[in-house]
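The structure under discussion is supplied below as structure tokens; questions concerning it will follow.
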Amino acid sequence: MTTFSDLGLSQKVLSAVTDAGYTIPTPIQAGAIPPALQRRDILGIAQTGTGKTASFVLPMLTLLEKGRARARMPRTLILEPTRELAAQVAENFEKYGKNHKLNIALLIGGVSFDEQDRKLERGADVLICTPGRLLDHCERGKLLMTGVEILVIDEADRMLDMGFIPDIERIAKLIPFTRQTLFFSATMPPEIQKLADRFLQNPERVEVSVRSSTATTVTQRFVATHSKDYEKRAVLRDLIQKQEELKNAIIFCNRKLDVADLFRSLSRHGFSVGALHGDMDQSSRTKMLASFKDGNIQLLVASDVAARGLDIPDVSHVFNFDVPIHAEDYVHRIGRTGRAGRSGAAFTLVSKRDTKFADAIEKLIDKKIEWLNGDLSALPAPMESHDSGRSERGGRDGKRGGRRNDRDRDHAPRPVSSHKSDIKSDDISTDQEPVTAKAESVRPERKADTKPQNAGRHSNRPAPQPHPANDDNRDRRNRYRRDHDDGPTPIGFGDDIPAFMLIAGKA
DNA sequence: AAAAAAG
């Protein structure tokens, strides 16, 4: 059997790999490292979770042992589609490069230029970048690309999705033709193949299929739901509380606004939850990801920024609050669980309007996904719509009578003092076992416990969205939440809730 | 029906 010591890596690299506890390379590592060390171009077709990052980091470290960096002239350049991914690659360089004295510069957007400038001035061996910030540095004349010996283009298919290809082409033009290029992509659509043909010279093609492993270790289920957000939230909470072995989970939404809404809802319900999407400021993103990795936060509500590439080990569950519009995203999302041979579970909430996308997913993965509790035709009657709930209650007296009825109906609202009243196991599942005990493993008992995570509410929370256009909707949303989510009545109004909050948006 | 990335 092949071990790392058979691949031709330097002693410094090998000892770091051993210290990290690895002896056997993954298929992509075994296939890509030897030709990379011989300065061959690589076309690597592999998803995340296959050990792809180490397959370029380790040979690069070995090759970098010859020579030294000069100011403003990086020797190697790695392009990543997202900031988190770039940061992760940087961590890999720290880990496996601990026996080297290499200067590594992480050039990503959303943070200040100062420290990045200093590192470039000092001379960087390795540049790890998102395309926009790299071009920014180039335009400011801080960077000479003529010394780059190795170019890595990671997640090329995702770069394509995100419209980065023109940027990538501009960057590639700045780098000498004699460079070595390592090119990675999870899929090979024609555009990517064309790109690879242009960028690579006589590449070694290394392909790793990961499909069989996800298919066997991840339990996938569709969960029928009505399409209203408050109903989906109730279904989701119920689903989460019924999981017996939920260590941690990522919950995907299609839109950033929905990430923020669902995050608020879950945290108001006392879940240990964080949020991650691209409109949050960079320090919140970093902190959030770190506390999820550390286990300080159990649930992470995220946009597709977290769908690909992020190295979060041991995610036991993935929940798709929204069915992804592009079936490929489904594969990437559920690829967050069941990694490295572990078992995982992936649940996707599907409403009538999503059937087209759900069908597309089954077609892509060439597999029927079972429904958890019957398909859409077996769905119980929808909850009362919020308008009828409100008119029943009438006027401004929103706290009594009608409100309790609401709770019974949609098992969502509850007084802050009682935790258990809203946990019901009807409707959604055939499992009639009481869920309270399990729920407590998921939900902190005391409100105080949730504070540290959601605390610094300014730092951990999704950044406020300052679009003036949203002001219009804010009142409507507040009222909506109060009526249908669970939320206590808006704080500070007492019984004097302004009348407009109760009538706004009726049209 | 979206998200991501440069400000």
Side-chain angles (χ1 to χ4, degrees), chain A residues 48 78-89 106-114 116-117 127-143 153-171 185-186 225 227-229 232 250-263 275-282 284-286 288-289 300-310 320-333 335-336 348-361 462-463 465-467:
Chain A
T48 48
I78 299 169
L79 295 171
E80 295 288 341
T82 68
R83 300 168 186 171
E84 278 78 11
L85 223 35
Q88 227 166 254
V89 172
L106 181 61
L107 306 186
I108 59 175
V111 295
S112 98
F113 282 92
D114 295 352
Q116 296 178 2
D117 285 343
L127 237 46
I128 305 164
C129 323
T130 47
R133 182 55 70 98
L134 174 66
L135 285 170
D136 218 339
H137 277 287
C138 292
E139 279 155 17
R140 293 162 69 243
K142 293 284 179 182
L143 209 42
I153 299 168
D154 198 13
E155 306 256 337
D157 51 351
R158 186 156 195 217
M159 302 263 202
L160 176 77
D161 289 348
M162 291 167 63
F164 281 166
I165 298 304
D167 285 350
I168 303 295
E169 308 225 30
R170 279 176 65 201
I171 292 164
S185 189
T225 171
S227 57
K228 291 269 193 294
D229 275 357
K232 290 171 75 174
I250 305 183
I251 303 165
F252 285 103
C253 297
N254 284 355
R255 281 168 298 211
K256 290 178 283 201
L257 257 168
D258 294 333
V259 170
D261 283 349
L262 182 58
F263 162 73
L276 189 68
H277 65 71
D279 277 357
M280 291 163 57
D281 67 77
Q282 189 54 39
S284 308
R285 281 166 68 166
T286 310
M288 192 61 76
L289 193 59
L300 185 67
V301 186
S303 69
D304 278 316
V305 69
R308 307 195 204 191
L310 287 195
N320 289 313
F321 186 75
D322 298 311
V323 182
I325 293 161
H326 294 297
E328 278 183 23
D329 288 331
Y330 176 83
V331 178
H332 288 288
R333 289 181 181 185
R336 306 292 86 210
T348 301
L349 270 53
V350 182
S351 71
K352 272 215 180 73
R353 63 174 71 167
D354 307 317
T355 45
K356 182 166 77 181
F357 302 117
D359 291 346
I361 288 167
Q465 320 252 334
H467 304 303

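What you see is a predicted model, and the numbers here were worked out from it, not measured in a lab. In what follows, chains are A, B, ... by sequence order, proteins preceding strands, each numbered from 1.
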Base, sugar-phosphate, or nothing: which does D258(A) touch, judged by heavy atoms less than 4.0 Å apart? nothing
Could you list the residues that satisfy side-chain hydrogen bond (donor to acceptor under 3.5 Å, both in side chains) with D258(A), not counting sequence neighbours? R255(A)
Apply side-chain contact (heavy atoms from CB on, under 4.5 Å) to S227(A) and list each qualifying residue two or more places apart in sequence or on a separate chain. S351(A), R353(A)
For E80(A), side-chain hydrogen bond (donor to acceptor under 3.5 Å, both in side chains) partners two or more places apart: none
Using the side-chain contact (heavy atoms from CB on, under 4.5 Å) criterion, which residues pair with A87(A)? Sequence neighbours excluded. L106(A)
Go through the structure and list residues passing side-chain hydrogen bond (donor to acceptor under 3.5 Å, both in side chains) with T348(A), not counting sequence neighbours. N320(A)
Expected string for nucleotides 2-7 of chain B under the B/S/- scheme (protein heavy atoms, under 4.0 Å, primed atoms plus P, OP1, OP2 as sugar-phosphate) is BBBBBS
